[in-house]
Amino acid sequence: MDFSIPRRTLLRALEAARAIVDQKSAMPVLRTAHLSANGAELVVTASDLVLTYRVTLPAAVKVPGSVCVPVSILRDVVARMAEGDVRVTVEKLGVSVRGTGARTASKLPATDGADYPAVPLASEAPGLQRRTIPAQALADVRRLTRYAQSTDDARPHLCATLFELLPDSIRAVTTDGHRLSMASRAIPASTGQPGARILIPARSLARMALPESGEIIVEHGGATRPTWITHAMEGTPGATVTWCTKLVDAAFP
């Protein structure tokens, strides 16, 4: 694998990925970021098996391929580089990372990209409902209800936010058993799709870096299946971010 990509674009992707990985995971591969280069795109994936971050970035790909690199180490190396393009090359003993004007390249440990666990993709999940929501509406209901969300992990049905996607509005509801908060915002009317209720874990919501402008696409298939939230990466034309989270399979009060 051999590709080049602007430093700032790669750094933003790695910082988001670092917030997802579990550095204490018993599976070393889950402490890495999966890099896959093909065509004119680089896909960066990070997951803790509950929340998955996947971003597709425009890149100059010379040799396609995939590799898993410790995300914290790679992020720190890229952060110290000067602005310009970063070239990443897979070698026999690991990964070589070289910045613009650098005389030497950083050598990082790496594992085969095939070792990374399969992550759920919306394109492979039949029967999903799809809604387009203004990012500001989702940001508003999250902000207004966050304070009443429980922080008790032993009560997963309360340590979460219930989102109701109604025909012409989105509503968020939280409770910690003592307080209850509910907020709603108008959204474009759906094309005949029924309303949906999705209960997203607090831990997933806390780590999703969602925008507050533009549009967000929500794809869901019910309480027992994951939900995908997709949006453009701000400031990077052609880049797309997708968050996939498992839902809380429990009854909300």
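Throughout, numbering of the chain's residues begins at 1 and tracks the sequence.
Sparse packing is recorded around CZ of Arg197, with 12 or fewer heavy atoms of other residues, nucleotides or ligands lying under 6.0 Å away. By the neighbour-count criterion of 12 heavy atoms within 6.0 Å, atom CD of Glu164 is densely surrounded, having more than that number from other residues, nucleotides or ligands.
With Thr227 as reference, Val218 is the one residue of Leu128, Leu199, Val218 to meet the side-chain contact (heavy atoms from CB on, under 4.5 Å) rule. Considering Arg171, Arg142, His220 as possible partners of Phe163, the one that fulfils the side-chain contact (heavy atoms from CB on, under 4.5 Å) test is Arg142.
Taking the side chain as every heavy atom from C-beta outward, Ile216 and Pro211 approach each other to under 4.5 Å. Contact of the Leu205 side chain with the Thr161 side chain is registered, since non-hydrogen atoms from C-beta on lie closer than 4.5 Å. Contact check for Asp112 versus Val67: no side-chain heavy atoms found under the 4.5 Å cut-off. Side chains of Val88 and Val95 form a contact here, defined as non-hydrogen atoms less than 4.5 Å apart. Counting only heavy atoms from C-beta outward, the side chains of Thr89 and Arg87 approach each other to under 4.5 Å. Annotation: side chain of Arg54 is not in contact with side chain of Val44 (no heavy-atom distance under 4.5 Å). Contact check for Leu138 versus Asp140: no side-chain heavy atoms found under the 4.5 Å cut-off. Side-chain contact between Val90 and Asp2 is absent, with no heavy-atom pair separated by less than 4.5 Å.
Clustering ILVMFWY residues whenever any of their side-chain heavy atoms sit less than 4.5 angstrom apart, transitively, puts Met208 in the very cluster that holds Leu14. No continuous path of ILVMFWY side-chain contacts below 4.5 Å connects Ile5 to Val63, so the two sit in separate hydrophobic clusters. Following chains of ILVMFWY side-chain contacts shorter than 4.5 Å, one cannot reach Val78 starting from Val43, and the two form parts of different hydrophobic clusters. Leu30 and Leu35 fall into different hydrophobic clusters, where Ile, Leu, Val, Met, Phe, Trp and Tyr side chains are chained together by heavy-atom contacts under 4.5 Å.
Looking at Ser204 and Thr245, their side chains do bring a donor and an acceptor atom within 3.5 Å of each other. When only modelled atom types and interatomic distance are considered, Glu41 and Thr56 share no side-chain donor-acceptor pair under 3.5 Å. Glu234 and Ser213 form a side-chain donor-acceptor contact under 3.5 Å, judged by distance and modelled atom types alone. At a cut-off of 3.5 Å, with distance as the only test, a side-chain donor of Thr52 or Ser47 sits close to an acceptor on the other residue. Residues Thr174 and Ser181 bring no donor and acceptor atom of their side chains to less than 3.5 Å of each other.
In summary, Lys246 and Asp48 do not engage in a salt bridge, as defined by a charged side-chain N under 4.0 Å from a carboxylate O.
Taking the six-membered ring where tryptophan is involved, the planes of Trp243 and His231 are essentially parallel, since the angle between them stays under 30° and well short of 60°.
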